[in-house]
Peer 1: 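Here it is, the structure, as structure tokens.
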Amino acid sequence: MTAAQFSLFLFSGTFAPVGGYPPVLAAVVQVTPLYHAVELVRGLALGRVEWALAGHALYLVVLAGLGLWVASRRIQRVLCS
């Protein structure tokens, strides 16, 4: 798990812009939630408040809702068995 988290951290656009990656790797990186969190925090820190930030925030909210839904289904299944 640590190696996967470390690689996500390295490729999330924290240190190097995602535009410099090969197109296939850039597409994979842009699906990860850490990329969207980095872009959201970077935009807010630099004072660039624009509609793209709302898209990043919406992506994170949708993934959080999906994660909560999956977790509640699994917990319900465990508790009812």
Peer 1: Check residues 70-78 and write down every donor-acceptor pair under 3.5 Å in which the side-chain atom is one partner and the other belongs to a residue at least two apart or another chain.
Peer 2:
residue : atom : partner : partner atom : Å
S72     : OG   : L68     : O            : 3.3
S72     : OG   : W69     : O            : 2.9

Peer 1: What is the minimum heavy-atom distance between G13 and V38, and which atoms define it?
Peer 2: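 Where G13 meets V38 most closely, the heavy atoms are O-CG1, 4.0 Å.
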
Peer 1: Sequence neighbours left out, what pairs pass side chain to side chain donor-acceptor pair (under 3.5 Å) with at least one residue falling in residues 15-39?
Peer 2: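 Non-adjacent pairs meeting side chain to side chain donor-acceptor pair (under 3.5 Å): H36-H56, E39-R42.
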
Peer 1: Using links of under 4.5 Å between side-chain heavy atoms of ILVMFWY residues, direct or through other members, which residues join V62 in one cluster?
Peer 2: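 So far as hydrophobic clustering goes, V62 is joined with L58.
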
Peer 1: When you measure from the side chain of Y59 to the backbone N and O of A54, does any donor-acceptor pair fall under 3.5 Å?
Peer 2: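 No, Y59 side chain to A54 backbone: no donor-acceptor pair under 3.5 Å.
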
Peer 1: If you look at every heavy atom in V18 and V29, which pair is closest and at what distance?
Peer 2: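 Shortest heavy-atom separation between V18 and V29 comes out as CG2-CG1, 3.9 Å.
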
